[in-house]
Amino acid sequence: MLSRISQLGARLLRENRAVGNLASSTTSYYRGQLSRRFVPTKNILFSTATTSSDRDDGSQSKEKISVTFVNKDGTEQTISVPVGMSILEAAHENDIELEGACEGSLACSTCHVIVMDVNYYNKLEDPTDEENDMLDLAFGLTETSRLGCQVIAKPELDGMRLALPAATRNFAVDGFVPKPH
Amino acid sequence: MGRVRPLHHAARRLLLLFPRPRAFSSAAAAAPSREPLHVCVVGSGARRVLHGRQVLLWWIEQMLKGHEGAQVDIIDRLPTPFGLVRSGVAPDHPETKIVVNQFSRVAANDRCQFYGNVTLGRDVSLSELRKTYDVVVLAYGAESDRSLSIPGEDLRGIHSAREFVWWYNGHPDMCNLAPDLQSTDSAVVLGQGNVALDVARILLRCTSELAATDIADYALDALRGSTIKKVYLVGRRGPVQAACTAKELREILGLKNVHVFIKEADLVTLPADEEEIRNSRIKRRVYELLSKAAIAHKGKNNNGQKELHFVFFRRPTRFLPSEDGVTVGAVQLEKTCLKDDGVAGKQVAVGTGEFEDLKCGLVLKSIGYKSLPVEGLPFDKYRGIVPNLKGRVLSSESENATVEPGLYVVGWLKRGPTGIVATNLHCAEETVASILEDDKKGLFMGPSDSKKQGRRGLLEILEQKNIRFVPFDGWEKIDSKEKMAGELKNKPREKITTWNEILMASN
């Protein structure tokens with residue numbers, strides 16, 4: 001019970017932070033990202049629907065989802081991600097080496113993840129033009145590639161598996177190398 | 001003895017390169033590390049090295065985290081660390097500059113030191129560095145430009161895009177460029193890559209928008225007085241082959257009060273083009289953006305707006321002087337068509353013998369950079385690169401070349417001006433992997449009587465030669481002064497742009 005309460009507290013804090021960020025952020029990218037994060041969070045507070053996981057811990061499942069990262073060597077790490085949090089943030093909090101050099105401002109593709117099940121991919125909102133611009137430069141791009149900073153945890157994504165791109169990581173920030181003429 | 005084991009641990013910490021079970025790495029963490037590994041990274045230069053830079057930063061970070069004995073020193077020609085973000089990234093791309101935070105994080109570790117204002121080849125020689133450090137990584141970028149080698153290239157008013165970028169970004173080497181923006185209404189940008197789009201965008205963008213960026217103040221003043229109304233982006237090939245990315249293209253196509261001209265005839269694709277589009281997501285998206293822009297701007301009235309012209313299938317053949325005889329007045333362009341090069345299945349531009357003149361008073365050449373060699377570094381002049389095997393420097397470009405121990409290259413020096421996207425991105429990581437591999441083999445151990453001095457040795461050299469380097473806290477002083485000055489003008493920073501002032505501010 002105590003842990004529930006503290007979780008709620010943490011949640012409120014998180015929301016406050018999100019709102020604070022929203023007010024002070026300057027780029028539209030941040031704004032888009034945060035508002036997207038914020039809205040589902042709110043919805044779930046009033047939602048009565050339960051998800052398919054553990055019955056005896058219903059409220060837990062509403063607040064956190066389980067996401068598995070599959071490393072290049074095939075090892076797996078499963079973490080629980082609070083609803084409303086981006087995959088990039090969650091990865092950082094759990095020491096998963098997902099880069100995120102531009103800190104979620106849609107200026108790089110270093111947080112490229114591959115959604116392993118197309119059904120989960122389809123549950124995500126379509127990538128924006130800005131996200132697609134960065135995905136253009138991602139190494140090892142697949143049909144179900146996304147940027148971790150743009151994937152926001154929501155209940156439908158519980159059980160999602162994400163692969164870290166296999167061959168290499170992508171460091172394309174502004175200085176993308178054009179081909180010679 | 002204790003030297004190799006902790007490095008194995010460092011290798012394990014490089015989780016993304018060689019991810020290993022965590023239990024493994026924590027076991028290795030217990031290994032004592034008495035012998036420091038001395039690493040020196042030489043870096044400065046153009047923005048294109050950005051990805052390499054980031055891999056290196058990330059590597060340095062992991063190295064320091066995982067290997068208690070590792071010392072990493074970064075030397076840079078500029079007093080400002082990782083200058084490419086400062087002098088290469090466009091002022092109106094603040095989000096791209098966030099990567100600087102990564103550097104500050106690395107520099108906060110006292111086993112990593114920054115030595116700014118130290119030029120390789122002038123202040124310290126490569127052989128000195130190699131005597132001092134176990135590992136030397138050359139990460140400096142291309143600081144020179146390719147030339148077109150066509151008549152009239154030295155006329156006044158013709159600059160490389162790099163010079164222009166350095167100028168508006170306040171690079172101390174270019175603060176006196178003073179391009180004339182007031183004697184003409186037309187500027188020609190040769191090239192259609194992202195750097196070309198950057199300079200075109202800066203010429204066309206409202207100065208009120210630029211005023212809120214960290215653009216150099218003299219550049220903002222010059223742009224406020226600019227009479228340039230038309231910018232021509234000239235490419236040798238077609239819209240399918242344009243070398244820019246969608247982000248930069250979308251940005252320039254969406255500029256306020258700019259009318260975009262794209263000839264519909266240029267958008268017609270041939271089967272070979274269609275195949276290129278099918279095979280490349282970037283090309284497809286770039287082509288789609290251009291097509292949409294052509295339709296959106298078609299038939300619209302151009303009410304005194306500035307103009308952006310995409311000129312495809314043209315190659316410059318000579319520069320013609322204006323009436324005064326010394327300033328550029330026009331670029332002669334030859335029409336081209338595409339032909340299969342027969343080797344890589346690539347479409348190349350071939351002249352058709354049909355010429356036309358494009359009047360202009362300013363030309364910015366964005367046709368590629370060139371690396372400069374330093375003494376003691378094997379250099380393949382023809383290809384403009386350092387001969388290397390996966391980042392390990394080779395003694396020459398011949399087949400029986402030997403590996404230069406402890407010397408590595410990354411970025412431009414490594415791969416030169418050509419290469420496909422994927423290989424470029426892969427490049428820095430490959431070098432890092434080579435270093436780790438060599439380290440595992442114990443190649444940096446050396447006989448015990450030839451211990452490298454590392455940082456102490458570098459400081460001795462600098463002191464002997466009386467070279468005043470700028471340490472990281474010197475940069476922090478510059479940084480805070482610039483930010484303070486910027487606050488007064490509602491800019492993120494007001495850059496200090498001359499060598500003297502920068503060095504003074506670092507005190």
Side-chain angles (χ1 to χ4, degrees), chain A residues 25-30 69-77 91 94-110 112 128-143 145 149 164-181, chain B residues 15-21 46-55 58 84-85 88-90 93-99 101-102 146 191-196 235-237 241-248 250 281-282 285 315 349 367-368 417-422 424-426 428-430:
Chain A
S25 77
T26 47
T27 72
S28 56
Y29 300 142
Y30 275 117
F69 286 87
V70 180
N71 294 312
K72 279 184 235 180
D73 62 353
T75 56
E76 296 188 5
Q77 280 168 276
N94 289 278
D95 281 333
I96 287 165
E97 297 277 330
L98 193 63
E99 173 90 16
C102 77
E103 300 173 12
S105 65
L106 277 173
C108 77
S109 54
T110 59
H112 173 201
T128 58
D129 282 344
E130 288 76 16
E131 184 182 348
N132 271 325
D133 289 350
M134 289 302 123
L135 284 171
D136 277 352
L137 312 179
F139 191 86
L141 189 77
T142 69
E143 292 286 313
S145 286
C149 66
L164 301 179
T168 189
R169 306 179 334 131
N170 171 11
F171 289 87
V173 178
D174 206 31
F176 164 74
V177 184
K179 285 169 292 301
H181 297 260
Chain B
L15 295 162
L16 278 162
L17 268 184
F18 302 111
R20 290 204 164 85
R47 72 177 211 168
R48 290 185 176 195
V49 200
L50 204 51
H51 357 282
R53 200 54 51 82
Q54 271 185 283
V55 180
W58 162 82
L84 77 148
V85 174
V89 174
H93 284 172
E95 71 282 0
T96 304
K97 299 190 183 194
I98 291 173
V99 295
N101 297 351
Q102 202 180 4
R146 281 162 76 191
Q192 294 178 331
N194 282 346
V195 179
R236 304 208 296 190
R237 297 187 286 168
Q241 291 81 24
C244 57
T245 55
K247 182 194 173 198
E248 273 75 8
R250 177 175 298 105
R281 175 186 151 118
I282 300 183
R285 298 187 72 240
R315 70 169 185 195
I367 52 159
T418 56
I420 57 164
V421 178
N424 289 332
L425 296 173
H426 193 59
E429 193 164 273
E430 191 178 70

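Here is how names work: the chains are called A, B, and so on, in the same order as the sequence lines, proteins then strands, and each is numbered from 1. Small disclaimer: the values here were computed from a predicted structure and weren't measured.
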For B:Arg250, all residues meeting side-chain hydrogen bond (donor to acceptor under 3.5 Å, both in side chains), sequence neighbours excluded: A:Asp133

Reported OG-to-CZ distance for the pair A:Ser145 and B:Arg281, which is rounded to 0.5 angstrom: 8.0 Å

Pairwise distance NZ(B:Lys247) to CD(A:Glu130) - rounded to 0.5 angstrom: 9.5 Å

By side-chain hydrogen bond (donor to acceptor under 3.5 Å, both in side chains) - contacts of A:Glu76 (at least two apart): A:Arg161

Test log, rule side chain to side chain contact (heavy atoms under 4.5 Å, CB included), inputs A:Asp136 and B:Thr245: CA-CA 8 Å; A:Asp136 277 352; B:Thr245 55; 5.9 Å; no

